[in-house]
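I have placed the structure first, in the form of structure tokens, so that the comments after it can refer back to it.
Sequence lines set the chain letters: A, B, ... in the order given, protein chains first and strands last, and positions in each chain run from 1.
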2 protein chains.
Amino acid sequence: MKLEEAREQFIQAWGTLGSSWGINKAMAQIQAILLIAPEPLSTEEIMEQLNISRGNANMNIRALIDWGIVHKVYKTGERKDFFTSEKDIWELARRVATERKRRELDPVLKMLQQVSKVDDSSSREVKEFKKITASIEKFGHKAASTLDMFAKADQHWFFGLFTRKKR
Amino acid sequence: MKLEEAREQFIQAWGTLGSSWGINKAMAQIQAILLIAPEPLSTEEIMEQLNISRGNANMNIRALIDWGIVHKVYKTGERKDFFTSEKDIWELARRVATERKRRELDPVLKMLQQVSKVDDSSSREVKEFKKITASIEKFGHKAASTLDMFAKADQHWFFGLFTRKKR
DNA sequence: CTAAACTTTCAAAAAATATTGAAAGTTTTA
DNA sequence: TAAAACTTTCAATATTTTTTGAAAGTTTAG
């Protein structure tokens with residue numbers, strides 16, 4: 001297989017994966033090309049490689065920087081900005097997990113906390129509502145601490161947990 | 001807080017959470033109302049509670065059934081179909097995790113396997129490509145077995161792993 | 001069998017999301 | 001300081017995704 005073909009497959013698949021996880025396809029694809037680029041790329045190079053406009057490139061690069069997984073690099077003698085991706089996959093996963101927890105899980109936990117104050121009543125509706133939301137809240141907190149653990153953990157320790165014997 | 005208000009908050013938040021994870025908002029909201037419903041609901045009841053059309057309700061209910069997290073229930077003496085959600089949150093999470101692994105992670109692992117056959121070369125481009133894709137593949141396999149473990153594990157054992165001391 | 005009750009499908013419309021490109025803004029060089 | 005080099009913004013446009021509703025399909029009761 002030629003590099004060009006492999007690159008294309010990788011970029012496409014990464015974009016599709018991103019899409020199904022609610023991430024803009026262009027954003028995922030920019031990250032893909034930065035991942036496999038041996039050198040930081042300029043906005044022009046990104047635009048050209050993905051056939052996207054300057055505005056699109058700019059906005060999505062910024063979003064990636066906000067996620068903390070792409071960094072601006074200054075090259076001496078060059079005026080334009082260059083960009084590089086975090087290349088350590090473990091670190092990448094940690095950043096994404098931490099960020100998504102903060103943006104998506106935490107607000108839900110806050111909401112569950114809120115709704116637990118629903119007026120007590122003997123109605124089946126209220127009982128069921130409380131029961132379910134409480135169980136989700138409990139699960140959510142466990143998931144949150146697992147993510148916190150993941151964010152701080154050493155890779156080998158973390159994955160090792162699952163391949164060792166019970167007890 | 002009144003039940004109506006709490007319900008509304010819960011349904012909205014569940015829909016938003018779904019959206020940010022690439023799941024149709026209506027689909028997530030249908031699941032939300034089924035979760036907190038003490039009894040199975042009919043298509044009519046779902047349409048009314050969420051203000052959505054019959055076609056929309058029908059398609060998204062089917063999608064939820066395909067995910068294995070909503071079930072059709074037959075009520076004796078009733079001609080129409082009723083639906084109920086899996087109420088055990090741990091089981092729900094397992095189903096979703098298993099399904100998403102199958103739909104999203106597995107294809108990426110397959111692609112990575114494919115592109116690892118890229119023609120060898122001493123070019124920096126090929127070297128970097130191989131290095132990164134190999135590291136993603138390695139990580140992906142570890143994530144896959146962790147998910148498989150999660151899918152089979154007992155809840156208390158699984159979460160317990162993270163709260164116990166290292167070593 | 002047949003008509004009522006109910007479910008499914010899908011083309012068209014609406015809504016949401018992503019993309020463009022050019023103007024405005026900023027920084028650097030000479 | 002002027003203008004070239006580069007970046008950012010955002011209204012308009014294009015694309016994708018979701019939703020609708022009515023027609024077609026299916027099942028059940030009588």
(message) Assess the residue pair B/Y74 and B/F82 against the criterion (side chain to side chain contact (heavy atoms under 4.5 Å, CB included)); give the C-alpha distance rounded to whole Å, side-chain angles, the decisive distance to 0.1 Å, and a yes or no.
(response) CA-CA 6 Å; B/Y74 299 100; B/F82 288 79; over 6 Å; no

(message) Applying a strict under-4.5 Å side-chain criterion to I, L, V, M, F, W and Y, I'd like to know whether A/L34 and A/I65 cluster together.
(response) yes

(request) Assign A/R62 to base, sugar-phosphate, or nothing according to its heavy-atom contacts below 4.0 angstrom with the strands shown. (result) sugar-phosphate

(message) What's B/N24 touching, base or sugar-phosphate or nothing? Going by heavy atoms closer than 4.0 Å.
(response) sugar-phosphate

Rounded to whole Å, please give me the gap between [atom1] in [X] and [atom2] in [N].
X     : N      : atom1 : atom2 : result
B/N60 : D/dT20 : CG    : P     : 10 Å
A/N58 : D/dC10 : CG    : P     : 12 Å
A/M59 : D/dC10 : CE    : P     : 8 Å
B/I23 : D/dT17 : CD1   : P     : 15 Å

(request) For A/W157 and A/M149, run side chain to side chain contact (heavy atoms under 4.5 Å, CB included): C-alpha distance rounded to whole Å, both residues' side-chain angles, the deciding distance at 0.1 Å, then the answer. (result) CA-CA 11 Å; A/W157 173 73; A/M149 197 71 76; 4.1 Å; yes

(message) Can you work out whether A/G22 or B/R79 has the more 5'-proximal nearest nucleotide on DNA chain C?
(response) B/R79

(message) How about NZ on A/K2, more than 12 heavy atoms from neighbouring residues, nucleotides or ligands closer than 6.0 Å, or not?
(response) no

Salt bridge flag under 4.0 Å for residues [X] and [Y]:
X      : Y      : answer
A/E99  : A/R95  : no
A/E125 : B/R7   : no
A/R100 : A/E104 : yes

(message) So if I take residues 32-48 of chain B and measure heavy-atom distances to DNA chain C, which residues fall below 4.0 Å?
(response) none

(message) Of all nucleotides in DNA chain C that come within under 4.0 Å of a heavy atom of chain B, which is furthest toward the 5' end and which toward the 3' end?
(response) C/dA4 to C/dC10

(message) As a quick check of understanding, evaluate side chain to side chain contact (heavy atoms under 4.5 Å, CB included) for A/V126 and A/D119, giving each step before the final call.
(response) CA-CA 8 Å; A/V126 170; A/D119 299 339; over 6 Å; no

(request) Let me see the working for B/I52 and B/I30 under side chain to side chain contact (heavy atoms under 4.5 Å, CB included), right down to the final yes or no. (result) CA-CA 10 Å; B/I52 59 176; B/I30 291 171; 4.1 Å; yes

(message) At less than 4.0 Å, is any side-chain N or O atom of B/N56 found next to OP1 or OP2 of D/dT20? Yes or no.
(response) yes

